[in-house]
Amino acid sequence: MPIPQLGLSMSITDNDGSPLYAGVGQREHMTTFDSAMKKHTITIVITDEEAGKVNVNFTRNNKTTEVELVTYKMSMTDDMTNETTFYEVTRDTLLLKELKTKSISRFSFLGIEWFKREVLKLTSISYEPLKTLVEYFEVSRYRTLRENYLAYTLKKGEVVANLVAGEIPENLFNASKTENFFCVIDNSNGQRFIGDIKYREKFLKMTPNVEIQVIKRDKSVKEIEFDKKGKVNKIVYL
């Protein structure tokens with residue numbers, strides 16, 4: 001049933017002796033009421049500032065190989081506490097199905113290749129803002145939260161990407177309609193980030209808006225070449 005529209009109006013006065021409030025000023029009470037109704041926002045910013053490196057495992061021919069990926073600084077704050085915490089996040093997704101191997105040698109002499117070695121070449125994709133330096137996503141309605149993992153889906157037109165943290169089930173990657181993933185890295189397998197989100201939501205009481213901002217990088221990675229130990233040998237940029 002629709003709520004009936006009542007023809008009421010409200011006046012506010014700074015006069016402590018106003019007969020409207022029987023001689024008791026109520027402006028501060030109105031301010032408190034207004035604050036309680038405010039919709040607060042948690043803001044997550046994925047920056048273009050390199051923070052460190054993380055090792056990623058992948059398996060081929062029943063052999064597991066570790067490769068390095070660059071991580072970027074990510075911040076989280078909210079507009080009530082203004083507390084800011086920092087994390088690391090990956091911005092490049094390696095397409096393992098497009099793995100290639102290549103043999104290279106330091107030099108050749110008389111048709112003989114000396115110090116020949118094998119390297120791995122992996123195609124990389126990532127989401128980057130196309131028209132602006134910063135892309136904004138309102139993700140409050142696109143959250144998946146389980147005991148050990150959290151995922152936000154970033155949607156805008158044809159764009160779909162995911163920010164994930166924790167013990168991500170393999171079927172989440174397989175069932176996803178995109179290969180663009182931002183993976184949160186912290187010293188507790190993503191659990192510190194998840195706890196941070198839960199803490200802020202509980203403190204803000206009402207379910208807050210969650211906004212993710214992605215800052216465009218100067219260069220996007222097209223392909224990464226690794227040596228057999230997983231160390232980055234060369235990065236090819238778009």
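Throughout, numbering of the chain's residues begins at 1 and tracks the sequence.
Summarising the geometry, atom CD belonging to Glu201 is positioned 4.5 Å from atom CZ belonging to Arg143; distances are rounded to the nearest 0.5 Å. For the atom pair CG of Asn55 and CD of Glu68, the computed distance is 5.5 Å after rounding to the nearest 0.5 Å. Note: Tyr142 OH to Ile212 CD1 = 12.5 Å, rounded to the nearest 0.5 Å. Interatomic distance, CZ of Phe226 versus CG of Leu94, reported as 5.0 Å (0.5 Å rounding). Of the inter-residue distances, the one linking Thr47 atom OG1 with Glu88 atom CD reads 10.0 Å to the nearest 0.5 angstrom.
Checked by atom type and distance alone, the side chain of Glu138 pairs as donor or acceptor with a backbone atom of Val210 at under 3.5 Å. The backbone N or O of Asp78 lies less than 3.5 Å from no partner atom in the side chain of Glu83, so there is not a single donor-acceptor pair. Thr132 contributes a side-chain N or O that, together with a main-chain N or O of Val134, makes up a donor-acceptor pair within less than 3.5 Å. Side-chain atoms of Thr123 do not come within 3.5 Å of backbone N or O of Leu95 as any donor-acceptor pair.
In plain terms, the two heavy atoms of Asn148 and Gln191 that are nearest each other are O-NE2, 2.9 Å. Between Ser140 and Asn209 the shortest heavy-atom distance is OG-CA, 3.1 Å. Taking all atoms of both residues into account, the shortest heavy-atom contact from Glu128 to Ser220 is CG-OG, 3.2 Å. Residues Ala165 and Ile194 share a closest heavy-atom pair of O-CD1, 3.9 Å. Taking all atoms of both residues into account, the shortest heavy-atom contact from Asn82 to Thr77 is C-OG1, 3.6 Å. Shown here for Ser126 and Arg91, the closest heavy-atom pair between the two residues is CB-O, 2.8 Å.
Looking at Ile42, Asp79, Thr43 one by one, the single match for side chain to side chain contact (heavy atoms under 4.5 Å, CB included) with Pro208 turns out to be Ile42. Of the residues Thr93, Thr153, Thr144, the one that meets the side chain to side chain donor-acceptor pair (under 3.5 Å) test with Asn162 is Thr153. The side chain to side chain contact (heavy atoms under 4.5 Å, CB included) test with Ile224 is passed by exactly one of Leu120, Leu69, Val67: Leu69.
Residues Lys222 and Tyr237 have side chains not in contact (no heavy-atom distance under 4.5 Å, counting atoms from C-beta outward). Two residues are said to be in side-chain contact when any heavy atoms from C-beta on lie closer than 4.5 Å; Val236 and Glu225 fail this criterion. Proximity of Glu49 to Ile215: side-chain heavy atoms (C-beta onward) are nowhere separated by under 4.5 Å. Here the side chains of Arg217 and Asp92 are in contact, with some heavy-atom distance below 4.5 Å. For the pair Met74/Leu163, a side-chain contact is recorded, criterion being any heavy-atom separation below 4.5 Å from C-beta on.
Linking ILVMFWY residues whenever their side-chain heavy atoms come closer than 4.5 Å, directly or via other members, places Ile235 and Val54 in the same cluster. Note on Val70 and Val89: same hydrophobic cluster, where clusters join Ile, Leu, Val, Met, Phe, Trp and Tyr whose side-chain heavy atoms are under 4.5 Å apart, directly or indirectly. In the hydrophobic clustering of ILVMFWY residues, with side-chain heavy atoms under 4.5 Å counting as a link, Ile46 and Ile125 come out apart. Two different hydrophobic clusters hold Tyr136 and Ile44 under the rule that ILVMFWY side chains link at heavy-atom gaps under 4.5 Å. Cluster membership for Phe86 and Ile185, using ILVMFWY side-chain heavy atoms within less than 4.5 angstrom, is not shared.
Lys156 pairs by the salt bridge (Lys or Arg N to Asp or Glu O under 4.0 Å) definition with Glu135, not counting sequence neighbours. Applying the ring-ring contact (aromatic ring centres under 6.0 Å, His included) rule to Tyr149 yields no partners; only residues at least two apart in sequence or on another chain are considered. Scored by the ring-ring contact (aromatic ring centres under 6.0 Å, His included) test, Tyr87 finds Phe193 as partners (sequence neighbours excluded). For Tyr127, the ring-ring contact (aromatic ring centres under 6.0 Å, His included) partners at least two apart in sequence or on another chain are Phe137. Not a single salt bridge (Lys or Arg N to Asp or Glu O under 4.0 Å) links Asp186 to another residue, sequence neighbours left out. Legend: residues meeting ring-ring contact (aromatic ring centres under 6.0 Å, His included) with Phe182, ordered by chain and number and at least two apart, are absent.
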Mind running side chain to side chain contact (heavy atoms under 4.5 Å, CB included) on Leu154 and Val214 for me, showing each step along the way? CA-CA 10 Å; Leu154 289 64; Val214 181; 4.1 Å; yes

With side chain to side chain contact (heavy atoms under 4.5 Å, CB included) as the criterion, how do Val184 and Met76 come out once you've worked through the C-alpha distance, each side chain's angles and the decisive distance to 0.1 Å? CA-CA 12 Å; Val184 178; Met76 176 161 60; over 6 Å; no

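Within 6.0 Å of CZ on Phe203 lie no more than 12 heavy atoms contributed by other residues, nucleotides or ligands.
Between Arg192 and Asp196, none of the side-chain N atoms (NZ, or NE/NH1/NH2) sits under 4.0 Å from a carboxylate O, so this pair counts as no salt bridge.
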